[in-house]
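In what follows, a single structure is set out as structure tokens and then discussed.
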Amino acid sequence: MDLNERQWDAVRHTEGPVLILAGAGSGKTRVLTSRIAYLIGEAHVAPWNILAITFTNKAAGEMRSRVESSVPGGAQGVLCATFHAACLRILRRYADLLGYDTHFSIYDSDDSRSLMKGILKRFQLETRDLKLRRFLGTVSSAKDELLNPTEYLLAHQYDRDADRLAKAYTEYQAALKAANAMDFDDLIFNTVLLLKKHEDVLEEYQERYRYICVDEYQDTNNAQFELIRLLSAKYRNLCVVGDDDQSIYRFRGANIRNILDFEKVFPDAYVVRLEQNYRSTSTILNAANGIIANNRGRKKKTLWSDLGEGDPVRFFAFANGYAEAEFVADDVARKKRRGIPFSDIAVCYRTNAQSRLLEERFVQEGIPYELVGGVNFYARREIKDILAYLKTVDNARDDLAVMRIINVPKRGIGSTTLEKFSNYAASHDISLFDALKDSDAVVSGSAATKVKGFVSMIAALRALSLEYGVAELIRRLIEQVHYIDYLDSLLDESLADDDENERVHNVEELIEKAAGYEESTEEPSLTGFLEEVALVADIDLTTEGADRAMLMTLHAAKGLEFEHVYITGMEEDVFPSYQSCQAEHYDPQAMEEERRLAYVGVTRAKETLTLSCARQRVLHGEAQYHEVSRFVREIPREYLNLDDYD
DNA sequence: AGAGTGCAGCAACTT
DNA sequence: GCTGCACTCT
């Protein structure tokens, strides 16, 4: 293994707390994998005593295969997983200690939203200046602070609206528990709770995971920090890797202090700085350094590279977004003609909405591309419908799932009938599905018949689920409910003959994914499939190998690298975003986070970096005019090609 | 009682 | 451009 001096240092220092400050492109993944290989091969640590936490499933998979190839056959037992996946593993074994059934469902953000919406309606908690968003945000940050509803109220009793927020939090948790479901934050929160309440469980996992590595440590939140603190408390072999300059998830509760204060919490921490960059030209690196130097709260470091100067960073200003998109597409095509594969190229932007113009232009010019993000595959309506059927089969207490599919496709069970059943369920303290089973007690006549039909259909599917695998179950259920006909009926007739129905295509893809899951998993199960599906990120779904340019947000680009990178929309109020520009005066942190995002974007590029802006752009349906982004101006002029600047 | 239609309101980043 | 909701029609 060819590692530099510092990297070796980080690899060999296996015992005790270690902080690796790894600048962008400094070979941190290589260090982490080498370290794990070293633990197994040289320090003779058993693979199953190692836990490696990564940010995405994709990163976890890459790490697993890289460890596997450097320690052939020896890396089997290493657990490489995201925080959420690692917690899920623990909870599937011990959730009963917290009063959940181990088949609990996982609610994604959409599910959380619907659930909360229902609660706000039922208890009339929503007002003009206290909206759904704030309720959800409050619950999420309460869980991050590890406060249950009672503790939350106690800690925030003098805050405005605290009583209503606490009420919503209480009811929301009660509803989740009744539905035998956990949201994303619960996965962490409940694991911490479990470990704190049950010393024997804590001890089991402390013994198990004697060596813990955490990647992208700058993006951990408070609850996640508490989790690893607990797990590593006994053996104290905690190695965290991160770069405070790349902390870009503050909005989601990431606490940059976790990395900045690591040495305060672990005074005996061994600190390694990786400052040699193996990715970018010095020009690109200097541009990045010029930008990030404007931030105040950061650990000083100086990245350097010996990969040569390379080309200057290019900046182009266009009259509008169309011209910008046209340029990017043309320029990508030009690169291709010069022999550069599309797959070496990424186009990044601040918000997903910006992808549309680019996509249109790429399609026109016949440039193959892959869009990362946008509407998550698993968030699409047709996919959520099928998954709701599966969830209902797997966990009948999941009211939200039942609610979603009871009248999809239409089977004549409308809102009035549903309301009766909801009330019946609430007053008898049973799940919606159990209420449906009591249909005669709630409604009569045709409504009762329809409900009975639904209940027996689910029962039949449940029987099928014991007999068949997930893929076959899906095939049979869509046939049973005539789901494809339903999807076709959704299409506008004018469009119908043209393209084939994309939703149908998505459903077929889901079946393929289910089949893939069954092949790649030792003991496939419906629960297992549902959880795999619940925790995937957009970036996990990207396909490698195809020669396509990548289109993605700057957030999604984190951890990736490309020979040629374009960043579009370099405009004030776009990037930096409108919100952060507004907040600038009372919350300088917001602007610093935008700047870190710019730093992340710039440092993705290996050979060339192209920035662009549009003087005029249509946002929210109206034309807006913007100045050139401050981040462009922060790049020292000597590294910038100024042909079209000013 | 349920289904279909039109329109307002909204649109950061994401496990 | 999309979703959720209120209103009207069957």
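Note on naming: letters A, B, ... go to the chains in the order of the sequence lines (proteins, then strands), and numbering restarts at 1 for each one. Values below: every heavy atom of this structure, side chains too, minus hydrogens, waters and symmetry copies.
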Round to the nearest Å and state the distance from A:E419 atom CD to B:dG2 atom C1'.
14 Å
Just the rounded figure in Å: distance from P of C:dG1 to CD of A:E359.
12 Å
According to side-chain contact (heavy atoms from CB on, under 4.5 Å), who are the partners of [X], at least two apart in sequence or on a separate chain?
X      : value
A:A22  : A:I20, A:S26, A:K28, A:V241, A:L274
A:R93  : A:E204, A:Y205
A:L357 : A:Y322, A:A325, A:E360

Given protein heavy atoms under 4.0 Å, the one-letter contact record of nucleotides 6-15 of chain B, with B base, S sugar-phosphate only and - none, is simply -----BBBBB
Could you write nucleotides 3-10 of chain C as a row of B, S and -, 5' to 3', where a protein heavy atom under 4.0 Å of any base atom gives B, of only sugar-phosphate atoms gives S, and otherwise -?
-SS-----
Close side-chain approach of A:V443 and A:F421, heavy atoms under 4.5 Å:
yes
Residues that A:Q624 engages under side chain to side chain donor-acceptor pair (under 3.5 Å), provided they are two or more places apart:
A:H626
With sequence neighbours excluded, give me every salt bridge (charged side-chain N to carboxylate O under 4.0 Å, His left out) pair touching residues 106-124 of chain A.
A:D108-A:K384, A:D111-A:K384, A:D111-A:K391
Looking at A:K450, does any N or O in its side chain come under 4.0 Å of the phosphate oxygens OP1/OP2 on B:dA1?
no
Salt bridge (Lys or Arg N to Asp or Glu O under 4.0 Å) partners of A:R617, counting only residues at least two apart:
A:E324, A:E571
Mind checking salt bridge (Lys or Arg N to Asp or Glu O under 4.0 Å) for A:D245 and listing every partner two or more places apart, or none if nothing turns up?
A:R298, A:K301
